[in-house]
Each structure stands twice: as C-alpha cells, then as structure tokens.
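These notes concern the structure reproduced below.
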Protein chains: 2
Amino acid sequence: MARVRMSDVAVAAGVSTATVSMVLSGAGSDRISPQTQARVREAAAAIGYAPNSVARSLRTQRTRMIGLVSDTIATTPFAGRMLAGANDVARDHGNLVVLVNTDDDAAQERQAIQALTGQRVDAMIYARMWHRVVDAPAGLPADTVFLDCRPAQGGWPAVVPDDRRGGVVATRELVAAGHRRIAYVDAPRDDEVVASRLRHEGYLEVLAEAGITPDPALHVRGITDAGGGRAATEELFALPAERRPTAIFCFNDRMAMGAYTAAYRRGLRIPDDLSIVGYDDQQLIAAEIDPPLTTVALPHYEMGRWAMEVALGVRESDRDAPLLMDCPMIRRDSVGPPPTPAGN
Amino acid sequence: MARVRMSDVAVAAGVSTATVSMVLSGAGSDRISPQTQARVREAAAAIGYAPNSVARSLRTQRTRMIGLVSDTIATTPFAGRMLAGANDVARDHGNLVVLVNTDDDAAQERQAIQALTGQRVDAMIYARMWHRVVDAPAGLPADTVFLDCRPAQGGWPAVVPDDRRGGVVATRELVAAGHRRIAYVDAPRDDEVVASRLRHEGYLEVLAEAGITPDPALHVRGITDAGGGRAATEELFALPAERRPTAIFCFNDRMAMGAYTAAYRRGLRIPDDLSIVGYDDQQLIAAEIDPPLTTVALPHYEMGRWAMEVALGVRESDRDAPLLMDCPMIRRDSVGPPPTPAGN
DNA sequence: CTTCTGTGTTTAATCGATTAACTGCCGCGC
DNA sequence: GCGCGGCAGTTAATCGATTAAACACAGAAG
C-alpha cells in the first residue's frame, strides 16, 4: 500500500517537507512561488503520495472522525436511515464515522466510549433506536450529541421526533375525514419510551379541539407487533356496535398490520368500513400492504443529519431543550370517510 | 478531555515512559519488578491515564480500525445484521469499525476508499447489500474482504449466501409436503444479481430429483416487491385449473406478501389452498403476516462475522473461491399439504 | 557600501506513544 | 581480584506529519 512519505515528495521536488506540507494543505500557498507549487504537486502526483492521517492527527489533535455509539443497529430497519443521514453530512465535511453497536449493554457501552475516546474522535453521537429519556452514561465527552433520545439531566444537544405533534397530525387526518369515534391502539405503558405518551397527548388534543369527548374504551394497548395490534383491535370490535370505532390510530405500522388482519377476519374492508393510520412509515410494511397504509413518518434521516451537523460544529444547538423534529404525514389509501350508517 | 500523557504517569510513578509503556502494554512485564509495576498501575489509575491511540498507531503502524464500505446501509433492513456481525467480532478483538456508505456511487466509493486508506485502516471490507458479482474497485488494499458479493476477477476472500442451496431447501420443503405443481415467482432478469439464477437452479434441481417435469409456465417474474409478487401470482392463477400451482416459491418475502394478497383476493386460504415459501426472513414481514411465512433466511449476521474474522486475520480464507454460507430454512405456517382434488 | 525589507524556503521542535540498544549494579565463579 | 551474566530499568530514535521561528538572498533606501 501507500508507503510514500511526504519526505519522498520533498526529495523528488527538491524542496523541504515544510514546503510540501504548505503547498499540499493550501496553507501559506501565498508564501510559496507558483513554480515551486507546481513542482511539488507534480512530484506528489508522480509518486502517488497520499498523506498519512494518523501522523497528521497526532500533530493537529484532530482526527476528523466522529464516534457513533448506538444501542442496536441490528434489530431495527430505522437504523440505516439515521446512519445514512449522519454519514452523508460527515462525508460532505471530510469526516469519517466510527460506528459501535452496544447491544444495549452497559458494559459494552462503557467500553465503546473508552475506545472511541482513546481513538480521539473529534466528537461523539449517542444514538438510541427508540425515542427515550436516558441517563447520560459516564465518560461521554462534552461534545456529544444525543440522537433519538434525550438525557434526563439536560445539558446536551439532543434531537428527537416531535411525537406529540405526530399524534396531532395523525388524529387530525382522521377527524378531517369525518370520523368521530377514533380509537388509539397504543404501546404498553413504559415511562422510558416517551413516544407512546406524547402521541396520546396529541390524540387527546385533537379530540378536544374537535369537540369530541374521549371514550376511554377506545384507548387500548398491546405489544408493539402485528399480534399485539390484532389483539388490541379485536378488543375494540368486541365493544357494542354503537361504541365501536370507525377509525383507528395505531402506535406503529406493525400494530396497524395486525389491525388489518383483525379487520379482514371480521369481513371489514379498509378504508370503506374502517380507516387506519399508522406510525413509522416502515417501507416494508406501509408501502406494501394492501391497501397501502397512511402513516406518520419518523424523520430518521433528518435527525441523523442534524446530529452530525451539530457534532461537527456546523450548526448551532440548544443544550437546554431537545430539538423536536417534524414527523410528516404520508398519505396512502387506508383512510376514507366513515361508513354511512346502515340503510343510508 | 483526557489530557493526561504517558509522561505524566511516568513522573507520578517516578520511572521513565519506557517503563510505563512496558508495564501497561504487558510486553516485557517480566523485565519489570512487581513493585514497580504496581506503582505504575496505581499512578496511571490515580491520574486517569488513557493511552492515545493515535500516537500508538503512528508508531506501531496498526490502527486497530477496519474500514467497511457498503453501497447502501439506508435502504435495506439487512444491513444491520451484517454490521452487527462485523461489529461484534471487531469488538471482541479490540478493533473498531469505520463505516462508509457510498450510495452505490462510483465517485463516492473512490473517495471512501481513499479516505480509509489515508486513515490507515488495518483492513477493509467491501460489502454490498445484494449478492452480486462486482468489479473490484481500484485502490482497494490487498487485505480487503468481499461481503455479500464476489469480485468477477477472483483473487480476494469473499463470502456470499449459498443461494443455489437455498433454492434447493425451499423447493424440497414443498416437495416434501406433497406438492408436484410448484411455481417459482422470480425476480426480473439481471445478470449482476446472481441470487435469482442460483435459486432457480436449486429449484430445478429438486424438481429433477423428485421426477417432476418443470412447467415453464410456472416460472414467472415480477419486480421484487409486493406489487410485483401479486401481479406474478395473478398470472399463475390465470392458468387453466389443471396447470395451476398448489405451491409457490417466492424470490423474496416481499413478493410472498404480494402472493398472499393475490391469494386472499381469490378467496384462497394459506396454507390450506396454497402453500408459500419466501426468502430473506425479513422480520417485519415473515414473522408478522398472517399466517406467518415459512421462508429461507439469509445468513447476514454470520457473513458479517466471517468477513470481519478474515479481515482481522483470525480466520483463514480461500482467495480463489468465495465461501458459500448456508441459508437455513425457517418453518412457520405457510406450508401444508396440497389441497385434495375437489370431492375428496 | 551598509542597512533594511520583503520574499521564498528551510530548520527544528512537536504531537504521544513504542522499542532496540544501552547502562549500572550485583552476585558468582575461578 | 577480575570478568561475566543477568536483572531492572533508562536513553534515545522513530513513526509522518504540522508549523513557529529562523534564515538566505535580492532589491531598495540611506
């Protein structure tokens, strides 16, 4: 591999390494004569010189590497979009990202933070795959950015999805279609995962603004997969006919998938007999089930970008309050007007 | 952050930096007296010393970082499992992975390879998200491992899924259940993506061994999503009754999802009226659709591990032939015996 | 003919470790 | 009493860049 050193270029061009360094880095290029500059550049190109970043980093105390520690890159299809956002920004600024997956294990997390600190990454991003409130792990450098989570203590830049607003948009979509009996198929209660609570707040807010009295029976919970969504939906169907919902807002797309199944088993057609809105915009589900699902998208790519921009210092941030990133509505075909009462 | 240098430890312990280095690295710990060793360790702990990997790398010419360049981490839910495998092995050997996503863009790929080379990563992994034959990009260091792709020219270690064998297992599952009219819902023809051809070979091989004459009408193609799978399946349903398949092997789970839709629209029940086998074991689909899908899993985690092990030199590899990694059968509920002819 | 002022380039220190080669000392054998 | 070997560490070179400070030379000013 590239065994060519700067001194080789210097010899080839008949100058000192200082000159080579100045020419190639652009610094003080006004102090070096054009002829010399050309000679240096030619020599460098001729012998195929590529700078050794390790040596440069040692001297400049900057590695141009950003550490990204995440709990689980493996088990969620979201991870990629966050990484992609961070990666794109890093690349555009000539930086590299060093990724560590900690499997949500405290010991591994500590080890990862140490390794990255030892490697002298310029900054760090601490990412979690589900919007949470976390305790900032010890040893994090001051220039750490929290991604899709926020530190309980505050004091760090952080970005999370605006889940309350997402709940608003989703519910409003249903209200706008004419629904009045709107259920919320929620995740199990968990105080660390704040998305569930926030989306519920948004849901209630819209009901209030539409003058709809919330029916507690329409707020059901289940584990956050298709099975849980199906079971929760079946609970709703068990209600007396006049209390049954004409529309369901599901905590996520997987639960929505379960709601589809429950509906079909009952002979209900979507969106004719039942409207459904999901959350997450999981490509594999939302775009592919039948009919395609109207859902609220999580801004993972944008959050990844934002976090990296702050980490690189090219964007200002507020250390006291996390940035709430907008969750856009993705309209597909699972929402329609409520069925007209029998015998229309 | 850690501004503590080795010389600070040396002063605190009243020895030279050479001694500190030897004690802390373990090398030549037989040359240093136990008392001195203890003194050094205490001093290091007391002032919170952490070695500077950049300086060490410069001296030792090893960075303990492995570069991983991949085409798309963003758009596939598989990526995570490959990364996780590679990451786990790297961690267990005290290495870090530097990830670059190139968006399948040649210019970005070149730039990434340069950046990683400049950063003096110890080895590189060149990953693609779909099993392919690729031209090895210029500039790749000699110790590069190909992951989920193999270089057309050969000469590098590479690992890919054993797609032919996957086709065999899938088809055999259907034959074993008693099916004789088995369709293959294939991806569009594409010579670079070799999975399609290989799985088809496996499919034909099993038909042959079972003494079934392949019916060309049962080999249909479509784009590799639910829509494509549904359209292709509907083609099959359009066949005269006696030529229609009782079982379908789908190129991937998304197409299988489309096959489900087509079946339900026709009033067919799975697996009673139609058996289906998918490929990929996409968690979000396979485990969650109704009924859960029997499918062939892609060994992404294992491939990621293997590639990293070879990159770190802890595993031997053959540079002439890619390793074919086994694709295990995941049995769920979408396969049953063929329906007995009407009026059983 | 000095002294001064800019240019253009070089010298050398530095970043923080690793490690080959060396030193000083003690004990032992003859 | 002298030399030799082994122990316990130290000295100093090295990795490959960056960069402040020094320097050499030419032309202008006095």
Side-chain angles (χ1 to χ4, degrees), chain A residues 1-41 43-44 47-65 94 115 117-122, chain B residues 1-41 43-44 47-65 94 115 117-122:
Chain A
M1 202 168 343
R3 296 282 79 223
V4 185
R5 297 189 303 298
M6 183 175 271
S7 64
D8 298 326
V9 179
V11 170
V15 296
S16 72
T17 62
T19 305
V20 177
S21 176
M22 291 175 139
V23 171
L24 262 28
S25 77
S29 51
D30 47 338
R31 323 219 320 86
I32 312 286
S33 75
Q35 306 92 290
T36 306
Q37 294 206 28
R39 209 145 31 87
V40 168
R41 271 186 243 282
I47 64 182
Y49 170 71
N52 181 326
S53 309
V54 177
R56 171 184 293 161
S57 296
L58 177 59
R59 179 65 231 244
T60 60
Q61 307 286 49
R62 295 196 56 204
T63 54
R64 301 196 143 275
M65 296 195 302
T117 308
Q119 208 65 245
R120 296 293 189 272
V121 294
D122 291 339
Chain B
M1 205 168 340
R3 295 283 79 223
V4 186
R5 296 189 303 297
M6 183 175 273
S7 64
D8 298 326
V9 179
V11 170
V15 296
S16 72
T17 61
T19 304
V20 177
S21 175
M22 292 176 140
V23 171
L24 263 29
S25 76
S29 51
D30 48 337
R31 322 212 331 81
I32 311 288
S33 75
Q35 305 91 292
T36 307
Q37 293 207 27
R39 207 143 34 85
V40 169
R41 272 186 242 281
I47 64 183
Y49 170 70
N52 181 328
S53 308
V54 177
R56 170 184 295 161
S57 296
L58 177 59
R59 179 64 231 245
T60 60
Q61 307 286 54
R62 295 197 55 202
T63 52
R64 301 195 142 275
M65 296 195 303
T117 308
Q119 209 65 246
R120 295 296 189 270
V121 294
D122 291 338

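Per chain, numbering begins at 1; letters A, B, ... match sequence-line order.
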Arg59(A) meets the side-chain contact (heavy atoms from CB on, under 4.5 Å) criterion, sequence neighbours left out, with none
### Any Thr19(B) side-chain N or O less than 4.0 Å from OP1/OP2 of dT10(D)
yes
| said: Could you check whether any side-chain N or O of Thr17(B) sits under 3.5 Å from a backbone N or O of Met6(B), counting only pairs where one atom can act as donor and the other as acceptor? | reply: no
Per atom distances to the Ser16(B) side chain, the nearest of dG9(D), dT10(D), dT11(C) is dT10(D)
Rounded to whole Å, the CD-P distance (Gln35(B) to dA8(D)) equals 8 Å
To the nearest angstrom, the CZ-P distance between Arg31(A) and dC23(D) comes to 15 Å
Notebook entry, point to check: Is there a side-chain contact between Met65(B) and Met65(A), using heavy atoms and a 4.5 Å cut-off?
Noted result: yes
*Do the non-hydrogen side-chain atoms of Arg120(A) and Asn52(B) ever get within less than 4.5 Å of each other?*
yes
Tested for side-chain contact (heavy atoms from CB on, under 4.5 Å) against Val15(B), the lone hit among Val20(B), Ile32(B), Val23(B) is Val20(B)
Checking Arg41(A) against Gln37(A): is there a side-chain donor and acceptor pair closer than 3.5 Å? yes
Expected string for nucleotides 12-18 of chain D under the B/S/- scheme (protein heavy atoms, under 4.0 Å, primed atoms plus P, OP1, OP2 as sugar-phosphate) is -BBBBBB
